[in-house]
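Working notes, structure below.
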Amino acid sequence: TITGTTTTTIAFSNCTGGNTGGASNPIPTTSLATGGVIPWVDGNTTTIGAPTLTSPKSLVKKCVKLYGAGSSEDSATGPVSASTTGDSPIPGTFSGEVCIDPAGGLHLLKPSTSD
């Protein structure tokens, strides 16, 4: 699960795999857009680079249906350069898809993964 907005902070919860404690501490949303460190509640970290963003039209339609007119979608794929969670090879990649509602709220559309 992802909570937060495009203008403030975000946090991940209900995380499985690796040593994350199941959730992240809040981070500035810009860390997902430009790359940065995700601090997990158990003290481990994952360092990501800036993602490549796409907005497939078929998924935008799904976001509009779920969250109303004016919603959009971002599909992100980017590099993972370091991690102390022990759940993925380094270097690796992450990917995920979110809906952005008209108020800027973020909603995970497909589970985020790291390989």
Connected via hydrophobic side-chain network under 4.5 Å: Ile27 and Val80: yes
Quick one: are Pro91 and Pro79 in side-chain contact, heavy atoms under 4.5 Å? no
Correct closest heavy-atom pair for Gly70 and Pro102 would be C-CG, 4.1 Å
Cluster question for you: counting only ILVMFWY and a side-chain heavy-atom cut-off of under 4.5 Å, with indirect links fine, are Leu108 and Ile10 together? yes
Can you pull the ring pair (Phe, Tyr, Trp, His ring centres under 6.0 Å) pairs that have at least one residue in residues 34-76, sequence neighbours excluded? Tyr67-His107
Spacing of OG1 belonging to Thr77 relative to CD belonging to Glu97, to within rounding of 0.5 Å: 8.0 Å
Per the disulfide (SG to SG under 2.5 Å) rule, what does the pair list look like for residues 65-97, sequence neighbours excluded? none
Could you pull out the closest heavy-atom pair between Ala50 and Ala33, with the gap in Å? CB-O, 3.9 Å
Value rounded to 0.5 Å, distance of OG1 in Thr6 from CG in Asp74: 10.0 Å
For Thr84, enumerate each residue passing the side chain to side chain donor-acceptor pair (under 3.5 Å) test, keeping only those at least two apart in sequence or located in another chain. Asn44
Just so I know, are the side chains of Leu106 and Thr3 near enough to count as touching, which here means a heavy-atom distance under 4.5 Å? no
Taking only residues two or more places apart in sequence or in another chain, which ones pass side chain to side chain contact (heavy atoms under 4.5 Å, CB included) with Lys62? Leu66, Leu109
Sort and list the pairs that fulfil side-chain hydrogen bond (donor to acceptor under 3.5 Å, both in side chains) and have at least one residue in residues 20-38, not counting sequence neighbours. none
With sequence neighbours left out, write down each residue that passes side chain to side chain donor-acceptor pair (under 3.5 Å) with Thr45, or none if nothing qualifies. none
What pairs with Thr8 under side chain to side chain contact (heavy atoms under 4.5 Å, CB included), at least two apart in sequence or on another chain? Thr5
Return the minimal non-hydrogen interatomic distance between Ala76 and Leu53, and the atom names on each side. CB-CD2, 3.5 Å
Can you list every pair that meets disulfide (SG to SG under 2.5 Å) and has a residue in residues 17-83, with sequence neighbours left out? Cys63-Cys99
Hydrophobic clusters join Ile, Leu, Val, Met, Phe, Trp and Tyr when side-chain heavy atoms are under 4.5 Å apart, directly or via other members; which others share one with Val64? Val60
Just to verify, what does Thr85 make a side chain to side chain donor-acceptor pair (under 3.5 Å) with, not counting sequence neighbours? Ser83, Asp87
Thr1: partners by side chain to side chain donor-acceptor pair (under 3.5 Å), with sequence neighbours left out: Asn14
Restricting to side chain to side chain contact (heavy atoms under 4.5 Å, CB included), what partner residues turn up for Ser72, sequence neighbours left out? Ile100
Does Ile90 belong to the same Ile/Leu/Val/Met/Phe/Trp/Tyr cluster as Ile38, with side-chain heavy atoms less than 4.5 Å apart forming each link? yes
